[in-house]
Amino acid sequence: MSKGPELIITEKDNAARRIADILSGESADAERMNGVNVYKWGGKRCIGLSGHVVGVDFPPEYNDWRDVEPVELIDAPIDKHPTQENIVAALRRLARHASRVTIATDYDREGELIGKEAYELVRDVNEDAPIDRVRFSSITQNEVTEAFDNPEDLDFDLAAAGEARQIIDLVWGAALTRFLSLSARQLGNDFISVGRVQGPTLKLIVDREREIDAFDPEDYWELFADLEKDDSGENFEAQYFYPDEDGNEAERVWDEETANEVYDTLQTASSATVQSVRRRTRTDKPPAPFNTTQFIRAAGSIGYSAQRAMSIAEDLYTAGYITYPRTDNTVYPDDLDPEELVSEFVGTNRFGDDAESLLDLDELDPTEGDEETTDHPPIHPTGELPSSADISEDEYEVYELVVRRFFATVAEAAKWEHLRVVADVDPDGEPLSLKANGKRLVKEGYHAVYPYFNNTESFVPDVEEGEALDVTETRFEAKQTQPPRRYGQSRLIETMEQMGIGTKATRHDVIQKLYDRNYIESDPPRPTRLARAVVSASEEFADRIVSEEMTAQLESDMLAIADGEKNFEDVTEESREMLETVFEGLMESGDELGKQLQKSLKADKTLGPCPECGEDLLVRKSRYGSYFVGCDGYPDCEHTLPLPSTGKPLILEDECEEHGLHHVKMLAGRKTFVHGCPQCKADEADEQDDEVIGECPECGEEHGGELAIKQLRSGSRLVGCTRYPECDYSLPLPRRGEIEVTDEECEEHGLPHLVVHNGDEPWELGCPICNYREYQAQQVGGDELQSISGIGEKTAEKLKDAGIADVPGLKDADPDDIAASVEGVGADTVRDWQAKAD
DNA sequence: GCAAGGTC
């Protein structure tokens with residue numbers, strides 16, 4: 001038996017560091033091995049993996065999609081190989097002479113599998129050392145020491161359950177993805193993917209779109225009256241209602257004639273009599289602690305996409321400000337002391353008052369959600385506070401959300417008073433009922449510290465039964481029933497969670513993948529024609545791949561494996577047989593499936609008939625990666641139209657009346673815009689004469705080049721040289737708005753000042769050269785400054801206002817001067833930035 | 001060039 005050090009293996013570096021601290025009493029030293037942190041104390045070493053450090057895949061001879069029939073993948077061998085070479089190498093070095101190895105990966109199924117991967121890597125180089133497994137629910141002194149005092153064995157059945165999932169996902173995903181891509185002739189970047197999780201997610205979106213398409217709006221009418229309390233003059237709105245066939249209260253009137261009759265009666269009424277008044281207090285309980293899904297939802301409500309919210313949370317976690325952001329847990333662990341954590345915020349600018357008000361309460365008893373898991377706590381602040389200069393504006397906003405959510409979970413319930421008033425009007429012996437619902441927040445409770453929920457009150461005055469009210473106004477509103485709403489990103493993630501597909505760590509990535517695969521576009525996401533075709537085809541030939549059934553089945557199989565009731569081989573074999581059957585169906589269908597997919601792919605790219613030859617005009621990609629419009633009749637027809645250079649084109653439903661071509665929208669994140677009909681844009685440019693505004697600074701003197709305002713066929717505008725392409729001097733102009741050339745002249749460049757008229761306020765663009773210089777200074781300076789950690793968009797802007805436009809400028813600046821002129825920035829912070837800039 | 005799951 002080797003006498004070497006004992007080795008502890010965790011799932012990630014962060015956990016390794018904290019466990020080393022706990023076990024060593026903070027005496028552990030960190031050293032680097034192959035670029036990986038190794039924590040060292042006494043006779044111990046601790047290393048963190050990076051999740052899975054080995055991956056499963058088919059051997060290289062299966063790599064060529066054309067050479068290998070997709071169906072062959074079903075029974076192809078599967079290899080395991082290191083994916084994180086340096087970590088694996090470091091682990092091997094450490095394991096070789098270890099006298100004992102302890103696996104301390106996360107306490108969940110995937111953690112058990114990661115542990116088994118480590119186990120095998122260790123056994124490769126060390127046959128004798130005992131290998132233990134420790135399990136703890138949170139990385140705290142008590143739990144960790146307790147776990148290390150009572151080591152257990154690795155649960156190979158549980159790990160095998162995870163391995164079965166890996167294999168089944170790979171085989172189904174790869175075989176079907178290749179089959180669909182090959183039959184649609186989509187190889188290369190735009191292959192057609194399917195999988196156990198993306199399939200059902202996409203089907204959710206497509207199904208909702210189908211409902212929207214099939215929706216047939218119905219007309220209905222609603223009637224309102226404004227009522228006024230006689231003595232006080234207080235006014236409120238009441239709505240007409242009636243008992244429907246089932247005796248339920250109904251507000252919508254479904255036929256116009258009845259609506260008109262009721263309205264006629266209502267109009268003649270001058271007063272209403274209060275029939276009933278009902279008061280009710282409702283307790284509004286504070287929300288549960290944040291799990292990943294609820295965090296994403298809350299961040300979504302303040303404008304962050306799921307992807308962005310998670311990326312910011314990841315940064316805040318790495319910097320030590322919040323706990324691990326990927327968690328299903330909604331119950332704080334016992335060792336979290338709410339008073340202590342709240343106290344950390346006392347005395348701070350942003351949170352001090354709220355923290356004190358919470359500490360004034362009798363006790364802080366945190367709310368609990370339904371889910372209690374063992375791997376990570378709900379997301380909460382760690383108590384280590386960033387200053388607003390440490391992190392960007394966006395990060396601070398998200399951090400504040402996490403802090404306030406924690407505050408809310410220990411705050412008191414709010415109380416609402418609901419007031420419901422029913423009053424009748426009876427101008428002609430047939431009474432009509434009107435109702436009004438008011439609500440008032442009588443106790444602010446957690447809303448005081450968590451302002452993210454809507455808590456608008458609606459006013460209805462105190463009235464008494466029998467009281468007479470004036471009818472001051474009546475309204476008749478024609479409405480239509482609305483189709484169901486599309487899923488937003490956070491609704492989608494919540495629904496996935498309810499359906500049990502994906503995990504806390506992957507759901508937002510799955511949505512991103514659907515965007516990347518051209519299955520969805522816009523936000524809230526809408527399915528492309530390709531997505532509809534893939535879902536329809538899957539429904540027809542391989543229903544399992546778009547149904548949550550597959551995950552449910554897998555979950556129950558995994559449970560059975562973990563419980564020792566089934567084994568890995570049985571489950572994977574059964575799954576392979578099922579996939580064989582699916583493939584038989586696919587083969588029988590012949591080429592039909594491929595044709596369907598190709599048709600949809602083409603429809604997603606088709607604008608309409610070519611004005612030259614009548615074939616379809618399609619969005620195409622040039623050799624250089626830019627998009628343009630080309631004719632399907634090429635090479636017989638060479639008609640082309642340019643598209644803007646920014647963004648990815650999306651074909652809209654709207655059509656150009658003149659050319660019968662669909663409008664094009666350019667998707668480019670925040671810079672997304674509608675380009676319109678590319679033929680119209682090109683025609684406009686052809687008709688527009690260049691307007692000369694001065695001499696070209698580049699070639700004017702030598703060759704007589706002049707600067708002119710030009711409209712390009714791609715829709716963009718610029719100030720460019722008339723000798724183009726011999727001289728390519730150019731300055732950008734905005735895409736929209738009328739450009740006015742004024743009499744005012746720039747002293748430095750001799751060019752006229754320009755004004756852009758677009759909507760409300762005219763924009764004084766000024767001299768185009770000066771304007772472009774300013775723009776460049778801002779762009780470069782801004783981006784550059786933001787490359788320094790701690791400087792966000794807003795801070796960069798403040799610095800620019802203070803005359804610091806770039807990193808060299810920042811380094812030369814006097815910290816005290818900046819501290820004096822930039823609000824919220826201290827001299828030490830500036831010195832800190834200057835140090836980082838070196 | 002495939003999936004889904006860890007983590008960065």
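Below, read A as the first sequence line, B as the second, and so on, with proteins coming before strands; counting in each chain starts at 1.
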Using a cut-off of 4.0 Å between protein heavy atoms and nucleotide atoms, how would you tag nucleotides 1-6 of chain B 5' to 3' with B, S and -? BBBBBB

Could you tell me whether the side chains of E494(A) and Q294(A) share a donor-acceptor contact shorter than 3.5 Å?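 Checked: E494(A)/Q294(A) side chains pair up, N/O donor to acceptor below 3.5 Å.
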
Output the rounded distance in Å from [atom1] ([X]) to [atom2] ([N]).
X: I47(A); N: dT7(B); atom1: CD1; atom2: P; answer: 16 Å
X: Q307(A); N: dC8(B); atom1: CD; atom2: P; answer: 16 Å
X: E85(A); N: dC8(B); atom1: CD; atom2: C1'; answer: 17 Å
X: D509(A); N: dT7(B); atom1: CG; atom2: P; answer: 12 Å

Are T373(A) and Y107(A) packed together at the side-chain level, in the sense that at least one heavy-atom pair is separated by less than 4.5 angstrom?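 No - every pair of side-chain heavy atoms lies 4.5 Å or more apart.
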
Going by heavy atoms in the side chains, are I391(A) and D315(A) under 4.5 Å from each other?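 No, too far: nothing below the 4.5 Å cut-off.
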
What's the spacing between N14(A) CG and S50(A) OG if we round to 0.5 Å?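 OG of S50(A) is found 11.5 Å from CG of N14(A).
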
Can you give me the closest heavy-atom contact between Y519(A) and A531(A), atom names plus distance?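 Of all heavy-atom pairs spanning Y519(A) and A531(A), the closest is O-CB, 3.2 Å.
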
Enumerate the residues from residues 544-578 of chain A whose closest heavy atom to DNA chain B is under 4.0 Å, giving them by residue number; use none for an empty result.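 Going residue by residue through residues 544-578 of chain A, none turns out to have a heavy atom under 4.0 Å of DNA chain B.
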
Pick one: which of V402(A), L401(A), D394(A), I322(A) meets side chain to side chain contact (heavy atoms under 4.5 Å, CB included) with I312(A)?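 Of V402(A), L401(A), D394(A), I322(A), side chain to side chain contact (heavy atoms under 4.5 Å, CB included) with I312(A) is met by D394(A) alone.
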
Residue E69(A) excluded, over 12 heavy atoms near CD under 6.0 Å: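 Not buried by this count: 12 neighbours or fewer within 6.0 Å.
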
Taking the inter-plane angle between the rings of Y119(A) and F156(A) on a 0 to 90° scale, is it parallel (under 30°), tilted (30 to 60°) or perpendicular (over 60°)?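 Aromatic pair Y119(A)/F156(A) classed perpendicular.
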
